[in-house]
Novice: 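Sending over a structure as structure tokens; questions will come in a sec.
Sequence lines set the chain letters: A, B, ... in the order given, protein chains first and strands last, and positions in each chain run from 1.
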Protein chains: 2
Amino acid sequence: MSAPSLRAEVRAQMNQRIKDVARRRLAAEGANLSLRAVARDMDIVASALYRYFPSRDALLTALIIDAYESLGAAAEEAEAAVPRADLRGRWLAVCRAARAWALAHPAEYGLLYGNPVPGYAAPQETVRPAAKVVFLLVAVAIDAADRLAPVTPAVPGPVRSDLRRLIDRYGGGLSADHFDRVFVGWTHLFGLISFEVFGRLDGMVDARAEQFEHHMSLMADLVGLPR
Amino acid sequence: MSAPSLRAEVRAQMNQRIKDVARRRLAAEGANLSLRAVARDMDIVASALYRYFPSRDALLTALIIDAYESLGAAAEEAEAAVPRADLRGRWLAVCRAARAWALAHPAEYGLLYGNPVPGYAAPQETVRPAAKVVFLLVAVAIDAADRLAPVTPAVPGPVRSDLRRLIDRYGGGLSADHFDRVFVGWTHLFGLISFEVFGRLDGMVDARAEQFEHHMSLMADLVGLPR
DNA sequence: AGCGGGTCAAGAACACCGTTCTCGCTTCAT
DNA sequence: ATGAAGCGAGAACGGTGTTCTTGACCCGCT
């Protein structure tokens, strides 16, 4: 590896510091991040930030990528801590880790799964880290492939061909029917997390952890994971 | 009824015009609504809007309430057009109408089910119109109550007591177990719609209508609605 | 008929915001 | 040592939400 010049190193540190301060701002305030506020927190003038990020959107993109990777890492760690043979345990571990991360970082979660920022299209480099969680869920199903209960009804034709493409990309060795149910579970996972983080459950459900557990267990049933 | 003074009437019309223009702006641009832009579209100066709405948040709140009512009305109409005995058809009609409304009004949908606007707490008067869709789903289940297949596993205890409270408020005559499954379906409905509207399905699923139909049918199965 | 109170739109002003540009200063490579 | 490149400060531009003042208008009353 080429030795990084001192210049490049302090630049990378500054880059990191900006993101850290921005994350704190994001957690304190709502979703709208102010460059000038970030600069103030660093005793820096706003225009100086443009040495490191070409625009506010670029900084947001960097935060989004970091957040996807943070979420993915949290899920991966949690899943890795469960014995390989405990398939349902691994499924639930991924789900719980995603929820825990979202509740711990609600503003960043909003960046990832909330309203897309207006005028901002998610760049290509966000798609791979974004797929980490669903990839983990698929991996659990693959490991369980020969113990999965058959599922009914079968996936309708047009959906099946979409799924085939995804199976080639992510999860070889899984039937379209079972992949479909993983997809259902993935949708439900983030649907329920979004409801909770965005306050849609306020005044309706108090026992949220238990409800989450219950829902994700139902999804595991739907996939056909053995109890 | 008291005759509305002419003054009050033109004022109400102006109120309505502002909301219409704001809705158009919202559809054209992203989620961030600019009062000055609305004013420009009306050949009006921005400060004049403050005669009608005390703040930007107040205008947003009015739009949100209108949107909830529009969505609720769309779902209600669609459901009412299905024969009462076709329980699954009524369930699916509500789901389809919600999706169609969301796709037709993505920015307004984002207001309702996306990131909560920073510094903005949903006022009390939004909760009743917001509950319309789930209320319709519950109503279908109530009408189907004596034909619903039993569901397993049973709802865990702490969740059950939350559900009991909701049953008293919304859906008397439904078992906690079945109410729970309606809740699951409701979560999934808006989870999947959010995925689609917010672009989380881009590049993954093309046959979205078919996939939606499939998912919502699975949820109907989960509730125990007869085929 | 005339007057007074209430309502309205306009406009200036303030404090923010993202972004661009210029200007000195430091630091590095030659 | 010198030239080039990177850096932060600062001013500036056009945008935003919001407040306040000012003058015009309409309506109902005496």
Side-chain angles (χ1 to χ4, degrees), chain A residues 2-19 21-22 24-26 28-64 107 111 115-121 123, chain B residues 2-22 24-26 28-64 107 111 115-121:
Chain A
S2 66
S5 76
L6 193 140
R7 208 40 173 263
E9 195 168 335
V10 27
R11 188 183 164 80
Q13 279 180 17
M14 190 68 171
N15 222 277
Q16 195 57 48
R17 252 194 77 206
I18 293 173
K19 290 195 290 185
V21 172
R24 256 194 297 279
R25 264 280 132 190
L26 215 53
E29 317 283 321
N32 48 0
L33 179 69
S34 155
L35 284 189
R36 292 186 118 108
V38 172
R40 265 194 305 273
D41 288 359
M42 304 179 66
D43 283 316
I44 279 290
V45 94
S47 61
L49 294 175
Y50 283 75
R51 294 271 167 212
Y52 301 92
F53 295 92
S55 72
R56 180 175 167 279
D57 277 4
L59 174 54
L60 275 180
T61 301
L63 291 177
I64 287 174
L111 247 43
N115 244 342
V117 180
Y120 167 83
Chain B
S2 66
S5 78
L6 193 140
R7 209 41 174 264
E9 194 168 335
V10 27
R11 187 182 165 80
Q13 278 180 19
M14 190 67 170
N15 223 277
Q16 194 58 46
R17 251 194 79 208
I18 293 173
K19 290 195 289 185
D20 287 344
V21 172
R24 257 195 297 281
R25 264 281 132 189
L26 215 54
E29 316 282 323
N32 48 1
L33 180 69
S34 155
L35 284 190
R36 293 185 117 107
V38 172
R40 265 194 306 271
D41 288 358
M42 303 179 67
D43 284 317
I44 278 290
V45 94
S47 60
L49 295 175
Y50 283 76
R51 293 268 162 212
Y52 301 92
F53 295 93
S55 71
R56 182 173 166 278
D57 276 4
L59 175 54
L60 275 180
T61 300
L63 291 177
I64 286 174
L111 248 44
N115 242 342
V117 180
Y120 167 85

Novice: Between C/dC8, C/dA10, D/dG17, spot the one nearest the side chain of B/I44, thanks.
Specialist: C/dA10

Novice: Ignoring the backbone of B/R51, work out which of C/dC8, D/dA11, C/dG11 is nearest its side chain.
Specialist: C/dC8

Novice: For A/S55, answer base if it contacts any base atom (sugar-phosphate contacts may also be present), sugar-phosphate if it contacts only those atoms, and nothing otherwise; contact means non-hydrogen atoms under 4.0 Å.
Specialist: sugar-phosphate

Novice: NA contact type, B/M14, heavy-atom cut-off 4.0 Å: base, sugar-phosphate, or nothing?
Specialist: sugar-phosphate

Novice: Could you check B/S34 against A/A48 and say which one's nearest nucleotide on DNA chain D is further toward the 5' end?
Specialist: A/A48

Novice: Please state how far atom CG in A/L49 lies from atom P in D/dG8, giving the value in whole angstrom units.
Specialist: 9 Å

Novice: Examine C/dG18: is either OP1 or OP2 under 4.0 Å from a nitrogen or oxygen in the side chain of A/R56? Give yes or no.
Specialist: yes

Novice: Of the listed nucleotides (C/dG18, D/dT18, C/dC23), which one gets closest to any side-chain atom of A/L35?
Specialist: C/dG18

Novice: Would you name the heavy atoms of A/N15 and A/Y52 that are closest together and state the gap between them?
Specialist: ND2-O, 3.9 Å

Novice: For D/dG8, take OP1 and OP2 only and decide whether either is under 4.0 Å from a side-chain N or O of A/Y52.
Specialist: yes

Novice: Could you tell me whether the side chain of B/L35 reaches within less than 4.5 Å of the side chain of B/L59, counting heavy atoms only?
Specialist: yes

Novice: Base, sugar-phosphate, or nothing for B/F53, non-hydrogen atoms under 4.0 angstrom?
Specialist: nothing

Novice: Can you measure A/E29 atom CD to C/dC16 atom C1' for me and round it to whole angstrom units?
Specialist: 13 Å

Novice: Can you see if the side chain of A/R40 gets near the phosphate of C/dC17 - specifically, an N or O under 4.0 Å from OP1 or OP2?
Specialist: yes

Novice: I want to confirm an ordering. Mapping B/R36 and A/R11 to their closest nucleotides on DNA chain D, which one lands closer to the 5' end?
Specialist: A/R11

Novice: How close or far is atom P of D/dG17 from atom CZ of B/R25, stated in whole angstroms?
Specialist: 11 Å

Novice: Identify the two heavy atoms, one from B/N115 and one from A/L111, that lie closest to each other, and give their separation to 0.1 Å.
Specialist: ND2-N, 4.2 Å

Novice: In whole angstrom, what separates A/N32's CG from C/dC17's C1'?
Specialist: 10 Å

Novice: How many whole angstroms separate atom OH of A/Y50 from atom C1' of D/dG10?
Specialist: 15 Å

Novice: Rounded to whole Å, how long is the line connecting atom CG of A/L59 with atom C1' of C/dG18?
Specialist: 12 Å

Novice: Which listed nucleotide (C/dT20, D/dT16, D/dC20) is nearest to the side chain of A/S47?
Specialist: C/dT20

Novice: Just call it for B/L33: base, sugar-phosphate, or nothing, with non-hydrogen atoms closer than 4.0 Å on any strand.
Specialist: sugar-phosphate

Novice: Taking the basic N atoms (NZ, or NE/NH1/NH2) and the acidic carboxylate oxygens, is any pair closer than 4.0 Å for B/R25 and B/D41?
Specialist: yes

Novice: Could you report the tightest heavy-atom contact between B/F53 and B/A62, atom names first, then the distance?
Specialist: CE2-CB, 3.9 Å

